[in-house]
Amino acid sequence: MTDPVLVRPYGDRRDDGVVQLSFVLPLPAGERARAAAAEVARQLGLSGVQLAAMEPAAEGYTFFVLYGRTAAAVDAAALEVPEVAAHRHGFDELNEIARREVGRRIVVLGACTGSDAHAVGIDAIMNMKGYAGDYGLERYPVFEAVNLGAQVENAALARACVERRADAVLVSQVVTQRDVHRENARQLIDELERLGARGRVIAVLGGPRIDHRLALELGYDAGFGAGTRPSEVAGWIVGEVLRRMGKSLH
Amino acid sequence: MTDPVLVRPYGDRRDDGVVQLSFVLPLPAGERARAAAAEVARQLGLSGVQLAAMEPAAEGYTFFVLYGRTAAAVDAAALEVPEVAAHRHGFDELNEIARREVGRRIVVLGACTGSDAHAVGIDAIMNMKGYAGDYGLERYPVFEAVNLGAQVENAALARACVERRADAVLVSQVVTQRDVHRENARQLIDELERLGARGRVIAVLGGPRIDHRLALELGYDAGFGAGTRPSEVAGWIVGEVLRRMGKSLH
Amino acid sequence: MLLPDGRTVPDLRLDPGVVGRCRELAGRVADQVLASVQRRTTVSIERAVLRLLGFHAAGPGGIPHVNLMVDQLHARGLLGRGAAWWLGYALRHGAHDPDRIVGLFAGLPREPPPLPAAEEAALRDEVRREARAAAGELRRRVAERDALKAELGTAPRPHKYLIVATGNVWDDVEQARAAAQAGADVIAVIRSTAQSLLDYVPDGATTEGYGGTWATQENFRILREALDQESRRLGRYLHLTNYSSGLCMSEIAFAAAWERLDMLLNDAMYGILFRDINMRRTLCDQHFSRRICAFAGIVINTGEDNYITTADADEAAHTVIASHFVNEGLARRAGLPDRLVGLGHSFEIDPAREDTIVREVAQALLVRTLFPEAPIKYMPPTKHKQGDIFFSHAYDVMADVVARLTGQSIQLLGMMTEAMHNPLLMDRYVALKSADYVYRAWKGMAGEILFREGGAVERRAGAVLGAARELLEEVARDGLPAAIGRGRFGDVARSETGGKGLSGVVERAPDYFNPFLEILEAP
Amino acid sequence: MLLPDGRTVPDLRLDPGVVGRCRELAGRVADQVLASVQRRTTVSIERAVLRLLGFHAAGPGGIPHVNLMVDQLHARGLLGRGAAWWLGYALRHGAHDPDRIVGLFAGLPREPPPLPAAEEAALRDEVRREARAAAGELRRRVAERDALKAELGTAPRPHKYLIVATGNVWDDVEQARAAAQAGADVIAVIRSTAQSLLDYVPDGATTEGYGGTWATQENFRILREALDQESRRLGRYLHLTNYSSGLCMSEIAFAAAWERLDMLLNDAMYGILFRDINMRRTLCDQHFSRRICAFAGIVINTGEDNYITTADADEAAHTVIASHFVNEGLARRAGLPDRLVGLGHSFEIDPAREDTIVREVAQALLVRTLFPEAPIKYMPPTKHKQGDIFFSHAYDVMADVVARLTGQSIQLLGMMTEAMHNPLLMDRYVALKSADYVYRAWKGMAGEILFREGGAVERRAGAVLGAARELLEEVARDGLPAAIGRGRFGDVARSETGGKGLSGVVERAPDYFNPFLEILEAP
Ligand code: B12
Ligand code: B12
Ligand SMILES: Cc1ncc(COP(=O)(O)O)c(C=O)c1O
Ligand SMILES: Cc1ncc(COP(=O)(O)O)c(C=O)c1O
């Protein structure tokens, strides 16, 4: 995409700007609350606001649903979109390329870190049986993949990276309330830096509320979000290892 | 309410400003669409935006659900809230007051006007059997209530108001697409003015997307929205008739 | 019970004596209606005949040629002989293009002298030839539609029926494609608010409707073309439907048949009750429109669901069933086989009440059981919808469950914004995704369930059927007009000579000529 | 089947031989566990004993007094005799306040000389008196709760269970009240992410948890007080629940009992599988915590629903049932009557599959039928939830339907934002409104439905039960630790000596003294 494309939300007719909104205000339902909700919508820059619902959700709390038109318009072509370069290779093909080009097994450690005990996501990426019909990293001959499980402390994980000379570390973060995932994620990078190992390890962050942009911001080399398939991660790691060897994966 | 009360949307914790949003963008799902949705949210002034869903709703169309925090805050006490003065009187009591104070039957015409064929709303207000356990205007001895039904032309309705010396005219407008209700509603007022009768008739507008503010804007004396009960309308009309007689309904 | 499409639904024990009696009574009602219908014609029927004979276009100012022609004949009291006859007359006077024909009609005396017998026969022959040719072309177009349907196949039942109503035909195309891509099987383009009371069919592609898009032949063509394309791309036949209803019922039936639509909303009483259209007018129009549907293999969708948007769904449940029997009787008499009679009903009981599912299931299963061959159309909740879209969505999903459990054939999917506005693109997407989930999740459940003998489901179904029989006794005794006059259907009362469009009803002359009726009525 | 609360659910034919065999095998498993439990105590059990004896507070830095005391004893290898014995020792040495006691413990030698028999007896008598007094006070508090419950009454089943998890106890109060006003019957305050692995119970009112609020006795008190108030205002008893789980299982059970909570999440295996807590530790802790629950009339909620968030719900359905039998066996052996054993299960089959409702109904009805007296807790979908909140809501509503159809006792309401964040105020409102609708709409339906003999529902239930029996045969033969070691539950494998907290397990000395166990175990 290079031509400018100005897009706006589309409800009934092209570019009508229609969006749906819901929220709770700490006010009892009534005309005053209705006016307050309309004012919130106005502050959001909406016009043609239709109040669909105003319901007493509890004493002193009112639930609103509304529709309105926003003037927001985005030049989609002009957006800067950091994307994880996707390499589409089959399982055998990838193993073959890596065996040939890397010439050794790639060591990958995985863990769900800090207080986070959600192992299912990292298991989906790492474990033999894989996810959604896709093999996990443990199944790839080219990877020496070790899944350390959940609630792994960042300091311990950083040490393990050094001890096992890991090429890559895969970190899962699922709990995000009050940005606990940011703290957890950053801590590992700090620990790796403290051990002088950050440069030697490819750091990958994943989880349902993670995206590539956020991962970069937190000091990682790549980020993967909801619905990631193990093969995408495998491909990306091989590509990155090759890149660091001055080669490239086609 | 007179003390200033600054309210903000409330999700998890007081004043967190959390709102939910959904819309469609005319873009295929992907990283670019994700960034475009985030940009729409930014233009709405949201921060801490969490993309809950990005789903291909059709080719070239993506459905988004997201949560974010708005800085919008409303001083609820300072809002100007035009309210339909509510008179709470029982059926017998209201009839008794009106009999005594007005001294004659109040003539009320009702109709759903223009191309609008939705009779159920005006029926709910006018007809004997009423609505939600509340009697309709036809049941009140004090009203001479005539329901003209649906798809009544504005010119014909204005003429009927003059011919029957109507005290009040009740207009229902249900279809609102592309603001057809505004046009329809205004037309009646124009017709009444053309006949020099606007001043003599109390004009009331109602319908699920109507509120008092809108009714005033369209030149009516009052507006009633979704879930209106016949007794509210009856009480208001009697009050307004008395007010015009220089009396008042307590 | 095993349905013809291979699905199983829970058995519902009904008294076959009562069922038989209902059908017999409805047959009597239909016969009475038919007797009166066969004495009359209407401006709309005659315009439809002219449309069939090739006059599809409009003159300057957008007034359709057929209106100009028929109005001239009607003004002169000549319509009783049939517009086709007069067209033949014009042709034999060398008038072929619409303007000339209109001019010729305008010059006719009020009581033209009779033709010589040979000329009369020649005229009729000529028009019959034209009619046969037109019917042949129509048959060819329908066959084309059926071939595409056979080639691509259709989705399993229930077919997901989605409404498109932007008011602008080009946006409709966009939204119809999107709906199809998201899983719709049937696209219904809703027409603009005021159209049903227009005594003409607007012309050409339109972009400015209110609450819907004008139903025009060109709009039909545009949508069908888009859906043909989309059907091929998706490898699944997409149905298109619109409204054969209002003052131009039969003309729209023609336009729809010609443009290869698959279904039409077409009810015996809808226009009478909800548009205050004169009943003689509508009953005539519906018969001719149904003849066209029968010829063109168009499924009709009746409108009983509407009764319980004005009447209470619990109390008026039997009126829906009674009307089904009448609609069936009338449809059969218009030559429609049961497989084209898509009786309509709906999930409309006030959700504030208790045990609504027992009664909704009883009602939906009753309809299914009484009319096993009919492609029943099930409508979602509308009347009690509120603006809380989350609740509204949950409520729709319950209708999806009942539709699936009771083996409905076509399901109109509810919109979470029903109480708000015409559906947005995302509203349809949300509805389709959840309906697909429900269909998948409840797939085999209907075959697992038996309802307790003498239990609440069975009792409710029996009671509704019994009340329908009583109503039908009254209607058969006093006639349909009298029953409508008492507000028996939808709580709306209408008189036989009230309402719009009565002036467009004409007694057929003894020499009434309608070559299409001859073709359509041929066994 | 008629449930004890008067509701009817569809009958499910099961082989009584298989059911009996399952119970017998699970009894054997429970006996094995019990034998090992009865040889040991843990730091948490001993801290709970001290809490029961009145040491509820914390010292400077927030370290609870009971931790300071028990750590001293444990460090010296003295815990095998029981903390109560040492407390008696301290009391008889004139140490009454926590600081003095800790100081005294810190001065104890590793092998203190035996006491004269009379002093030994006097010491035990004194502590027993204290314990009886404390138990009396606890009984009084529980009676107070029960009186309020009896006075106000509770809502009909299923009880609507809503989660509150702001992290800040004051926001929790606000949100709990709001949920109650919107119709919740049970408020569950979720605790902060990391708490289960803390080997102490934090102290006081807290405002800074992650993904939940710290479980502290003061937070319990604050919430219960708010709910008492709200119960009176709404005229309906509101239940409060929290987690007796993690390394402080039994201490939390004590705090909950004291603060008059109504239910506790309490599972035999949850901590082992999902928190990697050592199994010896957890099995000991759960037994003592259940003794407290039995004494205080607290309903336990087991955690089998969690197994199918890591394992596949279709494939692992039988592990849920097998674990129910084991949890039941262990609960009965801890003195819990069936009416306090709230076995947990859930609606978790992948919604992308077909005919999930047949299997969900079979599973839910199987649990209901196997444990008719138990206040079964039904959990909504979580694992396959996605961010599309509209779909998510529809999916939850389906769980509401199954809950209602299968007569569940407590239903945790799903949140449309499950895949996103801890519930917002409006998420709960939306869930409650729809659940109320479903309960109302489907009220009597469960009494109307029979499932086809030999049909899919019956076959599925039979197959799951059969597989559960096979698994129980293995567990009874090889022991629970071996089965867990093979990853039989939740696809998670743990070893008997792995995991956190093993160092807190202590062999009971021959003269182990626990006056509460004596009271709790008294018939
Ligand atoms: C299963 C589950 C649990 C299980 C976890 C079992 C286990 N061993 O993992 C149990 C029941 C134990 C549990 C407990 C809790 N949970 Co939980 N849980 C979930 C649930 C239902 C599903 C998560 C899951 O397994 N998804 C399936 C996997 C396959 O998806 P995924 O994690 O997104 O992973 C994919 C991608 O994200 C990506 N990915 C993930 N990690 C990585 C890493 C890398 C390197 C890469 C490349 C990719 C990648 O690839 C995966 C495959 O596509 C979610 C709700 C939901 N539906 O999301 C809540 C949820 C995550 N839990 C939540 C909470 C709060 C908790 C608790 C803290 C509650 C409490 N206070 O007790 C506890 C404690 C957990 C703890 N200490 O962390 C919240 C988090 C809220 C937030 N945003 O902060 C959620 C969202 C529920 C909610 N709405 O409240 N939970
Ligand atoms: C029933 C119904 C019909 C029935 C109408 C039967 C009849 N005789 O009235 C039928 C099936 C015929 C119908 C047809 C159409 N309908 Co319609 N219909 C509805 C439906 C389902 C319910 C409306 C209703 O009866 N509500 C119950 C009454 C009691 O509520 P109410 O009208 O809000 O009235 C209350 C208050 O508003 C107030 N009130 C109302 N009027 C007045 C007047 C006064 C003076 C006062 C004081 C108070 C007052 O008091 C009443 C009691 O509390 C709504 C969807 C919905 N759930 O809202 C769609 C809806 C109104 N219809 C709609 C449309 C588009 C149509 C059609 C135009 C579709 C088409 N193109 O064919 C047609 C044509 C109708 C026409 N020409 O106007 C749209 C309107 C969209 C919009 N906002 O513009 C809606 C919202 C559905 C949708 N989402 O698409 N419809
Ligand atoms: C049978 C039938 N005809 C017609 C209509 C509405 O169309 P119109 O008012 O445009 O005739 C409906 C409404 O749904 C209907 O059910
Ligand atoms: C039985 C049981 N205990 C405990 C928990 C979670 O709590 P925690 O991890 O704080 O022990 C759960 C989770 O839902 C559970 O089901």
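Chain identifiers are assigned alphabetically (A, B, ...) following the order of the sequence lines, protein sequences preceding nucleic acid strands; residue numbering begins at 1 within each chain. Note that the coordinates shown come from a computational prediction; the quantities given were computed from them, not determined experimentally.
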Do you know which of Leu25(A), Val18(A), Asp211(A), Leu46(A) has the most heavy-atom pairs with chain B at a distance under 4.5 angstrom? Leu25(A)
Residue, of Gln177(A), Arg178(A), His212(A), that accumulates the most heavy atom pairs under 4.5 Å with chain B: Arg178(A)
Side chain of [X], backbone of [Y]: donor and acceptor closer than 3.5 Å?
{"X": "Arg209(B)", "Y": "Leu51(A)", "value": "yes"}
{"X": "Gln43(A)", "Y": "Ala73(B)", "value": "yes"}
{"X": "Arg32(A)", "Y": "Leu79(B)", "value": "yes"}

Using non-hydrogen atoms only, which part of [X] is less than 4.5 Å away from chain B: side chain, backbone, both, or neither?
{"X": "Asp179(A)", "answer": "neither"}
{"X": "Gln50(A)", "answer": "side chain"}
{"X": "Asp15(A)", "answer": "neither"}
{"X": "Thr70(A)", "answer": "side chain"}

Give the minimum heavy-atom separation between Val74(A) and Ala36(B), together with the two atoms involved.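 So the two residues come closest at CG2-O, 3.7 Å.
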Show the nearest heavy-atom pair for residues Pro9(A) and Val40(B), with the distance to one decimal. CG-CG1, 4.3 Å
Going by the ring-ring contact (aromatic ring centres under 6.0 Å, His included) test, name the single residue among Tyr61(A), Phe63(A), Phe64(A) that passes it with Tyr10(B).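 Checked Tyr61(A), Phe63(A), Phe64(A) against Tyr10(B); only one passes ring-ring contact (aromatic ring centres under 6.0 Å, His included): Tyr61(A).
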Flag side-chain contact, heavy atom, 4.5 Å: Arg213(A) against Glu31(B): no
May I have all residue pairs that pass salt bridge (charged side-chain N to carboxylate O under 4.0 Å, His left out) and include part of residues 41-53 of chain A, sequence neighbours excluded?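 Sorted pair list: Glu39(A)-Arg42(A).
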Counting only heavy atoms from other residues, nucleotides and ligands, does the tally under 6.0 Å from CZ of Phe91(B) exceed 12? yes
